[in-house]
Amino acid sequence: MAVWMTLIKKLGRSLCIARHFSNSKALLQSSECDDIVYGPEHWQLRYSLRKIIEKDINPHVDEWEAQRKFPAHKVFKILGDNGFLGVNKPKEYGGLELDYTYSIAVAEELGNINCGGVPMAIGVQTDMATPALARFGSDFLKREFLAPSIAGDSVACLGVSEVGSGSDVASIQTRASRKGDDLILNGGKMWTTNGTQADWMCCLANTSDGKSHFNKSLICLPMKTPGVTVAKEIQKLGMWSSDTAQIFLDDVRVPRSHIIGEEGQGFTYQMLQFQEERIFAAAAVLMPIENMISETIKYTIERKIFGQPVLNFQVVHFTLAELAAELEMLRSATYRAVALYAKGQDVTKLASMCKLKAGRLVREATDKCLQYWGGMGFTEDVIISRFYRDMRLISIGGGADEVMLSIICKLMNTLPKTKK
């Protein structure tokens with residue numbers, strides 16, 4: 001065992017060194033191999049995923065962007081076969097049952113995909129639609145929906161947002177009325193990532209007329225059930241390779257046994273799922289920001305203006321240094337949230353802070369980096385323009401910046417009480 005661990009540690013360090021040497025001449029330093037949450041085994045996992053990204057994903061991203069959709073079943077099957085869709089899920093259902101730090105190692109590595117849409121779609125499967133099922137679902141539901149999702153045989157989507165209810169989850173209108181041993185669902189879901197390709201939906205619906213925080217349930221809904229209609233494939237500003245749908249539910253009948261955990265606890269379960277979703281979002285922007293800075297350094301060394309490289313101008317290299325510093329602050333905060341969450345602590349406030357700062361930093365980074373690419377940055381020929389479009393969603397999806405601020409204020413006891 002000691003020899004094995006020594007070899008793993010050497011491998012981890014060599015991977016870390018290789019990663020740093022692959023960056024720009026500016027020697028952007030990210031996390032060390034034995035950082036707050038990552039050790040050699042995490043780097044080995046990331047290296048394995050990197051090989052899949054380089055072989056099976058990045059060569060096809062331009063084509064998927066043009067088609068406005070990537071083949072989710074094909075990509076998810078590759079990831080599932082290699083264990084990347086159930087890193088922290090129970091072994092009994094096909095997962096690796098590693099701690100949550102390994103899930104975030106995967107989330108961070110997914111940031112090396114040359115677009116935002118594919119990593120987001122994978123994150124929906126691993127950190128948005130399945131955490132509550134894995135934690136609270138019955139054995140029947142886990143075998144029916146979780147196991148094939150981990151294997152990559154099924155694609156999942158999350159049905160929470162509605163036309164009139166985005167970040168305000170408590171106000172959703174979709175209803176699941178009880179009829180014998182069944183539920184009859186009526187309503188609709190909006191901005192549903194993976195919606196046109198999904199095999200099942202983790203659907204939040206009102207199952208009673210009680211108070212809005214205690215009348216909702218999460219329900220496993222097979223998408224081929226009669227009455228489920230993909231009404232519209234939504235065309236978006238960015239995230240082109242990820243399909244997004246508007247879905248109607250018209251007298252959709254599912255067994256009551258499809259409720260995840262306890263009936264009426266869906267809002268609570270969804271709030272717990274949001275912790276993982278928001279940490280994932282923060283982790284997922286780390287490599288895009290790092291790569292954008294690195295690529296901008298390379299370009300501004302080559303691009304000349306007034307007889308010298310653009311990088312030589314103080315405003316340019318100072319700005320990139322500032323962005324690199326902000327990136328490390330975000331990385332450290334995210335790793336702290338991950339470490340605490342892995343220990344079982346409630347990190348709602350810290351996860352909300354990370355999500356807030358991730359959205360704002362990636363917006364700033366894409367804008368400032370694109371500026372230094374000049375006219376080239378306004379073309380489809382460079383990845384910086386794609387990330388400029390894609391990363392704008394981080395401040396909106398999964399809870400807008402303003403919602404993150406409200407959550408933080410509430411937990412600081414500074415949010416004004418609403419009048420009844």
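Remark: the backbone N or O of A105 is not paired with any side-chain donor or acceptor of H42 at under 3.5 angstrom. A donor-acceptor distance shorter than 3.5 angstrom exists from the side chain of E162 to the backbone of Q173, with no hydrogens or angles considered. Remark: the backbone N or O of I279 is not paired with any side-chain donor or acceptor of K355 at under 3.5 angstrom. In terms of modelled atom types and a separation under 3.5 Å, the side chain of S48 and the main chain of Q44 share a donor-acceptor contact. Side-chain atoms of D390 never come within 3.5 Å of backbone atoms of G238 as a donor-acceptor pair (strictly under, hydrogens ignored). Not a single donor-acceptor pair under 3.5 Å links the side chain of S242 to the backbone N or O of M239. With T334 contributing its side chain and A282 its backbone, the two residues share no donor-acceptor pair below 3.5 Å. A distance-only check finds a donor-acceptor pair linking the side chain of T225 to the backbone of P222 [under 3.5 Å]. The backbone N or O of A339 lies less than 3.5 Å from no partner atom in the side chain of K343, so there is not a single donor-acceptor pair.
Atom CZ of residue F136 and atom CG of residue L141 lie 13.5 Å apart, to the nearest 0.5 angstrom. Interatomic distance, D367 CG to M292 CE, rounded to the nearest 0.5 Å: 10.5 Å. Here R68 contributes atom CZ and I234 contributes atom CD1; the two are 13.0 Å apart, rounded to the nearest 0.5 Å. Here the CG-CD1 distance, from L327 to I293, works out to 5.5 Å after rounding to the nearest 0.5 Å. Here I78 contributes atom CD1 and I57 contributes atom CD1; the two are 7.0 Å apart, rounded to the nearest 0.5 Å. To the nearest 0.5 angstrom, F140 atom CZ is 5.0 Å from S257 atom OG.
For I260 against C202, the heavy-atom pair with the smallest separation is CD1-SG, 4.0 Å. Between A205 and R175 the shortest heavy-atom distance is CB-C, 4.4 Å. When all heavy atoms of E108 and M287 are compared, the pair lying nearest together is O-CG, 3.1 Å. Residues T174 and L204 share a closest heavy-atom pair of CB-O, 4.3 Å. For the residue pair V285 and A358, the shortest heavy atom distance occurs at CG2-CB, 3.8 Å. Residues N291 and G111 come closest through the heavy atom pair ND2-O, 4.1 Å.
You'll find the side chain of V75 stays beyond 4.5 Å of the side chain of D56, heavy atoms only. A 4.5 Å side-chain heavy-atom check between C115 and E65 finds at least one atom pair inside the cut-off. Residues M376 and V382 meet the side-chain proximity criterion, which asks for heavy atoms closer than 4.5 Å. Under the 4.5 Å side-chain criterion, counting only non-hydrogen atoms from C-beta, K189 is in contact with C203. Side-chain contact between R46 and Y38 is present, with heavy atoms from C-beta onward closer than 4.5 Å. Between L393 and M120, the closest side-chain pair of non-hydrogen atoms falls below 4.5 Å. No side-chain heavy atom of T192 sits less than 4.5 Å from a side-chain heavy atom of T244. Side-chain contact between D199 and H73: present, with at least one pair of heavy atoms (C-beta onward) separated by less than 4.5 Å.
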Can you give each donor-acceptor pair under 3.5 Å made by side-chain atoms of residues 148-158, sequence neighbours left out, with the distance rounded to 0.1 Å?
unit_1 : atom_1 : unit_2 : atom_2 : d
S149   : OG     : F145   : O      : 2.7
S149   : OG     : W200   : NE1    : 2.9
D153   : OD1    : K77    : NZ     : 2.9

Report, one line per pair, each donor and acceptor closer than 3.5 Å where one atom sits in a side chain of residues 347-354; sequence neighbours left out.
unit_1 : atom_1 : unit_2 : atom_2 : d
T348   : OG1    : D346   : OD1    : 2.6
S352   : OG     : T348   : O      : 2.7

Table please: side-chain donor-acceptor pairs of residues 84-92 below 3.5 Å, with sequence neighbours left out.
unit_1 : atom_1 : unit_2 : atom_2 : d
N88    : OD1    : S103   : OG     : 3.2
K89    : NZ     : T126   : O      : 2.9
E92    : OE2    : R143   : NH2    : 3.0

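Sorted by first then second residue, the salt bridge (Lys or Arg N to Asp or Glu O under 4.0 Å) pairs that include residues 247-273, not counting sequence neighbours, are R178-E263, D182-R253, R256-E263. Under the salt bridge (Lys or Arg N to Asp or Glu O under 4.0 Å) criterion, no residue pair touches residues 112-131, with sequence neighbours excluded. Residues in residues 217-237 take part in these salt bridge (Lys or Arg N to Asp or Glu O under 4.0 Å) pairs, two or more places apart or across chains: K69-E233. The stretch residues 207-240 participates, sequence neighbours left out, in these ring pair (Phe, Tyr, Trp, His ring centres under 6.0 Å) pairs: H213-F267. Listed by first and then second residue, the salt bridge (Lys or Arg N to Asp or Glu O under 4.0 Å) pairs that reach into residues 393-415 are R360-D401, R363-D401, sequence neighbours excluded.
In this model, no donor atom of one side chain and acceptor atom of the other lie less than 3.5 Å apart for D209 and N215. In this structure, a donor-acceptor pair under 3.5 Å is present between the side chains of Q67 and E63. In this structure, a donor-acceptor pair under 3.5 Å is absent between the side chains of T101 and Y335. Side chains of Q273 and Q270: a donor on one and an acceptor on the other come within 3.5 Å.
Both tests pass for R278 against the ring of F274: distance under 6.0 Å to the centre and angle within 45° of the axis.
Applying the side chain to side chain donor-acceptor pair (under 3.5 Å) test to S171 and every residue at least two apart in sequence or in another chain returns S165, D168. Listed by chain and residue number, E364 satisfy the side chain to side chain donor-acceptor pair (under 3.5 Å) test with K368 (two or more places apart in sequence, or in another chain). Not counting sequence neighbours, Y388 has no partner by the side chain to side chain donor-acceptor pair (under 3.5 Å) test. With sequence neighbours excluded, the residues that form a side chain to side chain donor-acceptor pair (under 3.5 Å) with D243 are T196, Q197.
The number of heavy-atom neighbours closer than 6.0 Å to CG of D181, taken from other residues, nucleotides and ligands shown, is 12 or below.
K51 and E54 are not joined by a salt bridge, as no carboxylate oxygen comes within less than 4.0 angstrom of a charged side-chain nitrogen. Ion pairing of R386 with D62 is present here, as a side-chain N (NZ or NE/NH1/NH2) and a carboxylate O approach within less than 4.0 Å.
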Would you please test T229 and I247 for side-chain contact (heavy atoms from CB on, under 4.5 Å) and show each step? CA-CA 6 Å; T229 302; I247 295 170; over 6 Å; no
Derivation of the side-chain contact (heavy atoms from CB on, under 4.5 Å) call for I172 and K216: CA-CA 9 Å; I172 66 164; K216 295 172 173 55; 3.4 Å; yes
Step-by-step side-chain contact (heavy atoms from CB on, under 4.5 Å) determination, D139 to Y93: CA-CA 9 Å; D139 177 69; Y93 304 101; 2.6 Å; yes
Please step through side-chain contact (heavy atoms from CB on, under 4.5 Å) for the pair I407 and L415, ending with a clear verdict. CA-CA 8 Å; I407 293 170; L415 191 68; over 6 Å; no
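Aromatic ring orientation, Y341 versus Y100: perpendicular (interplanar angle above 60°, classes split at 30° and 60°).
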